Chemist: 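Here it is, the structure in full.
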Amino acid sequence: TLTARFEDLFYKIKNKGKLSPTDLDSALREIKLALLEADVNFKVVKEFLENVKTKATGEKILESITPYQQVVKIVNEEIIKMLGPSSGGISFSSSGPTIIMVMGLQGSGKTSSVIKLANYINSKFSRKVSIVAADIYRPAAVQQLKDMAKNINVDVFFQSGLDPVSISSKGVEFFRKNGSDVIIIDTAGRLQIDRDMMDEIANIRKKINPHLIYLVLDAMTGQEAVNIAYGFNEKVEYDGIIMTKLDSDTRGGAALSVYHVVKKPIEFISTGEKIEDFDLFHPERMASRILG
Amino acid sequence: WNKFKNDNRLFWDELEEQMIAGDISIDTTAMILDEVKKNAYSENINDPERIETLIKSEIIKILEINKNTELNIPHEPPAVFLIVGVNGTGKTSSVAKLASMFKKDGKKVLLSAADTYRAAAVEQLQHYAEKLNLDIVYHQKFSDPGAVVYDSIEKAKAKGIDIVLIDTAGRMQTSHNLMEELKKIKKVISGRINRDADEILLVIDSTTGQNAKKQVELFNKSLNLTGIILTKTDSTSKGGIVITIKNDLKVPVKLITSGEKLDDMSYFDAVKFTDLLFS
Ligand SMILES: Nc1nc2c(ncn2[C@@H]2O[C@H](COP(=O)(O)OP(=O)(O)OP(=O)(O)O)[C@@H](O)[C@H]2O)c(=O)[nH]1
Ligand SMILES: Nc1nc2c(ncn2[C@@H]2O[C@H](COP(=O)(O)OP(=O)(O)OP(=O)(O)O)[C@@H](O)[C@H]2O)c(=O)[nH]1
Ligand SMILES: [Mg+2]
Ligand SMILES: [Mg+2]
């Protein structure tokens, strides 16, 4: 943890007064190591250290705590700030069904998040949720959705022989007619650098005009998290992020990097394989996790 | 020496950043750069291209020491490979790619669908069994994966199968019960073939950051891994964490996958990997 890292430095500091420049540099070095270990993007770490340095040299050192405790306090506040807002939840459409689309890299947790999101909306807002299976590539992708949807009493639309854009529009029309309040479209995993696949998702968006688009991002993602989040946003601007696999012991620095650069809020977190392992995002909890 | 270091600070900082950006851990990066700086100083090397070449050769040295990228196929069939890893890394698709690779080599392969938990996991593997015309053993949903493995090996012996590939459910290395389940599967295997599984391969997603090292630590502690399959190398992530893993934990990458087609699997090439890291 950062406080653990600082403990050694704590004992070395003699004066309780202002933090000497060398002491501050030692502290900044510890922060740099802690954040890089936590997968925070190195460019974001650089900027973060600048912010902390400015604040730590500018602020009046409080009488009640040691200078190093002051730095920890600044670091914690800065991280919470850089993680973005607490989740605002779902904003539903004012007329007609709310159409939600999810996208992301292969294996990030889209299909399971679609099911969890459907269950969350269903149980929290008592709205009729339906799912469109637009992944025509992955073997048994549709079966995976259907099996999971059965457990929560949600309908799934799929039509073999069609491309994902046609399935999406047909599915939305089908569920619009049968009175669904919310329609969620599950898409195939794709790389943000795959031109054809990114065109596909742009075409789906153009065709069905979703109210909400979420990027599903694995919490274990390393330094590339920023480029991934940025790449998807450039082609298909999204509203928020669903961060998955937070039950792992990964520190989740990707959360910090992504909000800082792309400014898209993390709206939901997935914390396991059970359907109820799905929560709204709270920056304070994420901050303490990143700091270790 | 300090003058040399300081004069070129910006240059060395950029190299450090490039390595960190590739998900190499900060400790491994520092260790490699310290070694290269010593050599560069003692041999008076100042040219950036030559320095990059020095860094690459340090990395290749780490990756190739005690080189063991060969897959262990014993004299007595069936060979048994256990494929493990955290959720969504590419285990099932890697099993399919391995099967395709061995089939092309004229080997008789049997697929063991030991992920009895996740929705449509068996169906996903069945698709490949049908496509490649291979035997597959599977049980009812939520049945004991150890029993699937037991039946798979017994069937393989009866049918003169060369290689049994076992697909398992994704799991976090921090889940005690699920790691115990894998240990139990490992025991079932050695019970059936009177030796340890011939390969126990951890599947790691290239986009994973520093947590990959923790994955190897704990999976290795429970199972004694024989190697790593590094997937999704076609992504923009460099997978540099495998350098840290090889250096600190001695577990080698044996195979990589670079796409979603059945033939997108190849043996790990340290030189190619290192060149891509700096491209
Ligand atoms: N432990 C854990 N596992 C998760 C979580 N979210 C998803 N998973 C698992 O991760 C694996 C991949 O999830 P999927 O929902 O199939 O991922 P996907 O993005 O749809 O994958 P593709 O469609 O192939 O791109 C599955 O084993 C899920 O059960 C989570 O929060 N925690
Ligand atoms: N681009 C790319 N995608 C890959 C690669 N390997 C696997 N995938 C994709 O990653 C996703 C997950 O693959 P799976 O084989 O289902 O992963 P898994 O580890 O078995 O997942 P779980 O059983 O749910 O834990 C699928 O969409 C695969 O097609 C790769 O090398 N490149
Ligand atoms: Mg999916
Ligand atoms: Mg699988």
Side-chain angles (χ1 to χ4, degrees), chain A residues 32-43 45-46 105-112 115 137-151 188-194 217-228 231 244-245 247-254 272-273, chain B residues 16-27 29-30 86-93 96 117-128 130-131 141 169-175 204-215 218 231-232 234-241 259-260:
Chain A
K32 175 183 174 185
L33 295 177
L35 293 181
L36 287 177
E37 255 180 21
D39 289 325
V40 179
N41 183 276
F42 75 97
K43 288 186 191 148
V45 172
K46 262 177 147 176
L105 293 182
Q106 290 88 345
S108 54
K110 297 174 293 302
T111 303
S112 36
I115 293 289
Y137 311 98
R138 172 176 159 147
V142 181
Q143 192 59 48
Q144 182 187 10
L145 256 185
K146 286 185 171 173
D147 286 358
M148 291 200 268
K150 203 167 182 194
N151 295 335
R190 70 204 63 223
L191 301 177
Q192 83 279 10
I193 51 168
D194 185 331
L217 189 66
D218 190 325
M220 299 179 230
T221 309
Q223 293 286 314
E224 272 302 294
V226 170
N227 290 332
I228 294 161
T244 61
K245 307 182 201 171
D247 49 317
S248 98
D249 63 351
T250 194
R251 303 264 292 280
E273 292 194 82
Chain B
E16 180 191 57
E17 288 181 353
Q18 183 163 19
M19 293 167 77
I20 302 244
D23 285 317
I24 304 177
S25 78
I26 185 135
D27 289 343
T29 299
V86 310
N87 305 71
T89 50
K91 297 176 293 300
T92 306
S93 41
Y117 170 77
R118 206 210 67 206
V122 173
E123 287 85 337
Q124 185 186 5
L125 200 59
Q126 268 178 316
H127 163 89
Y128 290 113
E130 281 163 32
K131 183 163 187 181
K141 195 149 200 265
R171 68 204 66 218
M172 295 304 172
Q173 71 274 16
T174 44
S175 160
I204 294 179
D205 185 331
S206 285
T207 64
T208 307
Q210 301 304 303
N211 195 258
K213 182 179 175 192
K214 291 195 189 151
Q215 292 171 23
L218 292 186
T231 62
K232 308 177 199 175
D234 49 324
S235 76
T236 52
S237 295
K238 305 289 187 181
I241 192 68
E260 299 189 77

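Residue numbering restarts at 1 for every chain, and letters A, B, ... go by the order of the sequence lines. As the structure is a prediction and not an experimental result, all values here were calculated from the model.
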Chemist: Identify which of B:K232, B:K238, B:K141 forms the greatest number of heavy-atom pairs closer than 4.5 Å to chain A.
Modeler: B:K232
Chemist: Which distance, rounded to the nearest 0.5 Å, do you find between the CG of A:D39 and the OG1 of B:T208?
Modeler: 9.0 Å
Chemist: By a 4.5 Å heavy-atom criterion (distance strictly below it), what part of B:V122 contacts chain A: side chain, backbone, both, or neither?
Modeler: neither
Chemist: Please round to the nearest 0.5 Å and tell me the distance separating atom CD1 of B:I20 and atom CG of A:N41.
Modeler: 10.5 Å
Chemist: How many angstroms lie between CG in A:D249 and CG in B:L218, if you round to the nearest 0.5 Å?
Modeler: 7.0 Å
Chemist: I need the A:R251 CZ to B:Q210 CD distance, nearest 0.5 Å.
Modeler: 10.0 Å
Chemist: Side chain, backbone, both or neither: which part of B:T174 has a heavy atom under 4.5 Å from chain A?
Modeler: side chain
Chemist: Nearest 0.5 Å, please: how far is CD in B:E260 from CZ in A:R190?
Modeler: 10.0 Å
Chemist: Between B:Q126, B:K214, B:E17, which has the largest tally of heavy atom pairs under 4.5 Å with chain A?
Modeler: B:E17
Chemist: Where is the tightest heavy-atom contact between A:D147 and B:A119, given as atom of each residue plus distance?
Modeler: CB-CB, 4.0 Å
Chemist: At a heavy-atom distance under 4.5 Å, which candidate from A:Q106, A:Q143, A:K146 has the highest pair count against chain B?
Modeler: A:Q106
Chemist: Non-hydrogen atoms of chain B under 4.5 Å away: do they reach the side chain of A:E273, the backbone, both or neither?
Modeler: both
Chemist: Contact part of A:D247 toward chain B, heavy-atom cut-off under 4.5 Å: side chain, backbone, both or neither?
Modeler: both
Chemist: Measure A:K46 against the heavy atoms of chain B and call it side chain, backbone, both or neither at under 4.5 Å.
Modeler: side chain
Chemist: Sort out for me which of B:G170, B:G88, B:S206 touches chain A most, counting heavy-atom pairs under 4.5 Å.
Modeler: B:G88
Chemist: In Å and rounded to the nearest 0.5 Å, what is the CG to OG distance from A:L36 to B:S25?
Modeler: 10.0 Å
Chemist: Heavy atoms only, distances under 4.5 angstrom: which of A:A38, A:S248, A:G189, A:G231 has the most pairs with chain B? Name it, please.
Modeler: A:S248
Chemist: With a 4.5 Å cut-off on side-chain heavy atoms, are A:M220 and B:V86 touching?
Modeler: yes
Chemist: Does any heavy atom of chain B fall under 4.5 Å from the side chain of A:Q144, the backbone, both, or neither of them?
Modeler: both
Chemist: Looking only at heavy atoms, which two atoms of B:A120 and A:A140 are closest? And how far apart?
Modeler: CB-O, 3.7 Å
Chemist: Answer yes or no: is there an ion pair linking A:K32 with B:E16, defined by an N-O contact shorter than 4.0 Å?
Modeler: yes
Chemist: Below 4.5 Å from any heavy atom of chain B, which atoms of A:L105 appear? Answer side chain, backbone, both or neither.
Modeler: side chain
Chemist: Out of B:Q215, B:H127, B:E123, B:Q124, which one racks up the most heavy-atom pairs below 4.5 Å with chain A?
Modeler: B:Q124
Chemist: If I measure from the heavy atoms of chain B, does A:L191 come under 4.5 Å with its side chain, its backbone, both, or neither?
Modeler: side chain
Chemist: Which one wins on heavy-atom pair count under 4.5 Å against chain A: B:R118, B:Q173, B:K213?
Modeler: B:R118
Chemist: So which residue, B:D27, B:T89, B:I26, ends up with the most heavy-atom pairs under 4.5 Å with chain A?
Modeler: B:I26
Chemist: Quick one: do the A:E224 and B:T236 side chains pair a donor with an acceptor below 3.5 Å?
Modeler: yes
Chemist: Most heavy-atom pairs under 4.5 angstrom with chain B, which of A:M148, A:K43, A:Q192?
Modeler: A:Q192
